[in-house]
Every structure is written in C-alpha cells, then in structure tokens.
Colleague: 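Quick one: the structure is below, questions incoming.
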Amino acid sequence: MPAPARPFVTGRWSDLLLLTYEAPEDLLRPYLHPALELDRWEGRTHVNLVALHFGAIRVRGRRFPGLGAFAQLNLRTFVRHGGEPGVVFIRQFVPSPLVVAVSRFRYRQPYAALPLSYQAAAGDGRITAEYFFDRPPRGCLIATGSEGATVPPSGSFPHYCKERFWGFARGRGGRLLRFRVEHPAWAVRQVLHWQLQLDFRAFFGPEWRFLNGAQPAGVVFAVGSEVAVYAPSDV
C-alpha cells in the first residue's frame, strides 16, 4: 500500500480577516476553468477579500532558509467541483519574491510581491489585528474582535465564507489543477469594529472598481489554526 501523501507546506494561519462581497457572475466566470461551477449563497455569487498571517512555516517538514513568517492578502471567489467546495484566486499578494516564484510555478497561482505588514494586540477582552499594505497605493485592513470565539454551524454564512479545502487553477495545457488545504473548522470572534482602506481598482484591476466603498455582505474574524497545504495535481 502506498504511503499517505505528505504536505508540501505546513504552518499556522492566524488572525484571518475575511470580507465577503456580492459580485456579478459575468465578472467571475472568466477566472474559472470550464470544469468548475460557481458556488452560490442564496442564489448570489461572491468574492472574499482575505488578510492572514502565515507563520511557523515548514517545507516538507523542514525550515526553509530565508522563508520567515509573512502577511498575505487575497481576493478569491467560491466554486465547486464534483460537489466539493473550493476557491479560485483572482489575485494574491505576499511580501516574499521567493513565495511568489514558487507559488506561480508550482501551484499556478496569481501571486505578486507587495510589502505587507501585520501586528496584533490584546487587552480588555479584545483582540485587534492590523494589516498594512506599504507600497503606493497604500492601504490597511484592521479589525477588533472579542477575545472569545466560537465555531459557526455548518449551514451558516460564515462557514460558507471560510471553510474551503480545495484550491483550483488552470494547469499547463488547459488542464484543471487542484490542491488540498487541511485545517480544523475555525472559530470566529465577534467583530466589534473593522476598517478597510483599499483601492480595489489599483490592487486588482479596473473591473473591481465597483467594490470601492461597497459594504460587505459579511465580515469574519477567524482565529486560525495549524494548516497543511498539499502539492497540486491534475484532476
């Protein structure tokens, strides 16, 4: 019997801030491989703006020289393949050119390098996570949440927004590529305050300009957990 697959990357994702916006199907469909379908919530299609901190990184179980903790900013949409919920990334930003190179080559993901910083503070029963985008056009995403956290039920909108275990991309020759991300269901904090300063047009393209000043359908502040990301494979 073959040995079970070993994760390509492991680490910890912490203080995930997820802002979910309704987005038109016609805008999202060109990002999808033909084998994928959009995953709707109450008949509507959405995108996630996600900021997270990625720490304790190991590549095939070992530390990788020059690869320390970093912040990440993603824009993604929700899809299904064979009934399995997943995501397709529209754009991903990290500060490390090494991560950009590996992710674009190995995972065929739309990464780009951008100076990002992260800090978190706790006090008075609250947790504040702050993400700053440090190159013009500058921006930030900040949220304060309760120190306590609970796991939302599986049929809830927060669950729909955050529990996604497959990432998909167009592989070489037009094939569908997928990779597995494993983690326990994330507990979420009660969001007490949030703030976003971001020019969607400048970061993601002119077609995303309509999100400037838009109100999200939901804001999630997830605690995070250990994660395991597996190597991609053709479907």
Side-chain angles (χ1 to χ4, degrees), residues 5 7-23 25 27-29 31-33 35-54 71-94 99 103 106-111 131 141 143 149-171 176-189 191 204 211 216-235:
F8 182 67
V9 177
T10 59
R12 182 173 184 84
W13 292 354
S14 302
D15 293 333
L16 297 97
L17 306 183
L18 303 94
L19 276 59
T20 303
Y21 295 88
E22 188 173 342
E25 178 177 341
L27 178 58
L28 300 175
R29 191 157 296 282
Y31 293 97
L32 271 60
H33 187 281
L36 300 173
E37 61 179 314
L38 288 163
D39 190 5
R40 294 170 172 80
W41 176 264
E42 297 183 345
R44 297 180 174 89
T45 52
H46 298 83
V47 291
N48 253 166
L49 180 71
V50 183
L52 62 92
H53 182 253
F54 197 170
Q72 184 165 339
L73 180 70
N74 304 325
L75 185 67
R76 63 186 194 171
T77 191
F78 307 123
V79 299
R80 282 188 176 269
H81 180 263
E84 291 286 344
V87 295
V88 166
F89 290 94
I90 294 163
R91 197 65 164 159
Q92 296 162 279
F93 294 106
V94 293
V99 173
S103 299
R106 188 76 189 273
Y107 287 85
R108 311 292 289 181
Q109 293 297 309
Y111 272 79
Y131 293 89
L141 176 53
T150 57
V151 177
S154 60
S156 66
F157 188 60
H159 181 94
Y160 163 84
C161 296
K162 68 185 178 69
E163 301 301 330
R164 300 275 155 175
F165 299 105
W166 290 102
F168 295 96
R170 292 179 187 267
L176 178 62
L177 195 71
R178 72 176 181 181
F179 59 93
R180 174 82 176 169
V181 180
E182 290 184 352
H183 60 77
W186 287 325
V188 303
R189 308 184 190 279
V191 177
F204 303 111
L211 290 179
V219 179
V220 172
F221 187 166
V223 176
S225 69
E226 304 296 320
V227 297
V229 182
Y230 290 81
S233 61
D234 292 331
V235 179

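All values below were derived from every heavy atom in this structure, side-chain atoms included, with hydrogens, water molecules and symmetry-related copies excluded.
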Colleague: Could you grab the distance from atom CZ of Arg12 to atom CG of Leu52, nearest 0.5 Å is fine?
Modeller: 12.0 Å
Colleague: Are any non-hydrogen side-chain atoms of Pro232 and Arg108 less than 4.5 angstrom apart?
Modeller: no
Colleague: Mark yes or no for whether Glu163, through its side chain, and Trp186, through its backbone, hold a donor-acceptor pair below 3.5 Å.
Modeller: yes
Colleague: Does one side chain, of Tyr230 or Glu182, offer a donor that lies under 3.5 Å from an acceptor on the other?
Modeller: yes
Colleague: Between atom CH2 of Trp41 and atom OG of Ser156, what is the distance when rounded to the nearest 0.5 Å?
Modeller: 6.5 Å
Colleague: Keeping the roles fixed (side chain from Tyr107, backbone from Arg178), state whether a donor-acceptor pair exists under 3.5 Å.
Modeller: no
Colleague: Any idea which heavy atoms bring Ala23 and Leu28 closest together, and the distance?
Modeller: O-CD1, 4.0 Å
Colleague: Quick one: closest heavy-atom pair of Pro152 and Val188, and the distance?
Modeller: CG-CG2, 3.7 Å
Colleague: Between Trp166 and Phe179, is the ring centroid distance below 6.0 Å?
Modeller: no
Colleague: Return yes if some donor-acceptor pair links the side-chain N/O of Arg170 with the main-chain N/O of Leu32 below 3.5 Å, else return no.
Modeller: yes
Colleague: Could you give me the CA-CA distance, side-chain angles and deciding distance for His183 and Phe165, then say whether ring pair (Phe, Tyr, Trp, His ring centres under 6.0 Å) is met?
Modeller: CA-CA 8 Å; His183 60 77; Phe165 299 105; 5.0 Å; yes
Colleague: Of the non-hydrogen atoms in Arg29 and Leu38, which two are nearest, and what is the gap between them?
Modeller: NH2-CD1, 3.6 Å
Colleague: Could you tell me if the side chain of Arg76 sits less than 4.5 Å from the side chain of Ile90, heavy atoms only?
Modeller: no
Colleague: Over all heavy atoms of both residues, which pair between Cys161 and Leu18 is shortest? Give the atoms and the distance, please.
Modeller: O-CD2, 3.9 Å
Colleague: Run Leu176 and His81 through side-chain contact (heavy atoms from CB on, under 4.5 Å) and show every step you take.
Modeller: CA-CA 10 Å; Leu176 178 62; His81 180 263; 3.6 Å; yes
Colleague: Do Glu42 and Phe157 pass the side-chain contact (heavy atoms from CB on, under 4.5 Å) test, and can you show the C-alpha distance, the side-chain angles, and the key distance before you say yes or no?
Modeller: CA-CA 10 Å; Glu42 297 183 345; Phe157 188 60; over 6 Å; no
Colleague: If you measure from CG on Leu211 to CG on Leu19, what distance do you get to the nearest 0.5 Å?
Modeller: 10.5 Å
Colleague: Is the distance from the ring center of Phe78 to that of Tyr160 below 6.0 Å?
Modeller: yes
Colleague: Of all the heavy-atom pairs spanning Thr45 and Glu25, show the shortest one and how long it is.
Modeller: OG1-N, 3.6 Å
Colleague: Quick one: does Phe93's side chain get under 4.5 Å of Leu75's, heavy atoms only?
Modeller: no
Colleague: Is there a donor-acceptor contact under 3.5 Å from the side chain of Arg164 to the main chain of Gly86?
Modeller: yes
Colleague: Below 4.5 Å, heavy atoms only, C-beta onward: do Val220 and Thr20 meet side chain to side chain?
Modeller: no
Colleague: For side-chain contact (heavy atoms from CB on, under 4.5 Å), just list the numbers for Val88 and Leu36, CA-CA rounded to whole Å, side-chain angles, deciding distance to a tenth of an Å, and then say yes or no.
Modeller: CA-CA 9 Å; Val88 166; Leu36 300 173; 3.7 Å; yes
Colleague: Compare every heavy atom of Leu141 with every heavy atom of Ala51, then report the nearest pair and how far apart it is.
Modeller: CB-CD2, 3.8 Å
Colleague: Are Trp13 and Ser225 close enough that a side-chain donor and a side-chain acceptor fall under 3.5 Å?
Modeller: no
Colleague: Checking Thr77 side chain against His46 main chain: does a donor-acceptor pair fall under 3.5 Å?
Modeller: yes
Colleague: Heavy-atom count around Arg106 CZ within 6.0 Å, excluding the residue itself: above 12?
Modeller: yes
Colleague: Before you tell me yes or no, could you show the steps for Arg80 and Glu37 under salt bridge (charged side-chain N to carboxylate O under 4.0 Å, His left out), namely the whole-Å CA-CA distance, both residues' side-chain angles and the distance that decides it to 0.1 Å?
Modeller: CA-CA 5 Å; Arg80 282 188 176 269; Glu37 61 179 314; over 6 Å; no
Colleague: Could you check His33 against Phe168 for ring pair (Phe, Tyr, Trp, His ring centres under 6.0 Å), going step by step and ending with a plain yes or no?
Modeller: CA-CA 8 Å; His33 187 281; Phe168 295 96; 9.2 Å; no
Colleague: Just so I know, are the side chains of Tyr111 and Gln72 near enough to count as touching, which here means a heavy-atom distance under 4.5 Å?
Modeller: yes
Colleague: Let me see the working for Leu49 and Asn74 under side-chain contact (heavy atoms from CB on, under 4.5 Å), right down to the final yes or no.
Modeller: CA-CA 6 Å; Leu49 180 71; Asn74 304 325; over 6 Å; no
Colleague: Is any side-chain heavy atom of Val223 closer than 4.5 Å to a side-chain heavy atom of Arg189?
Modeller: yes
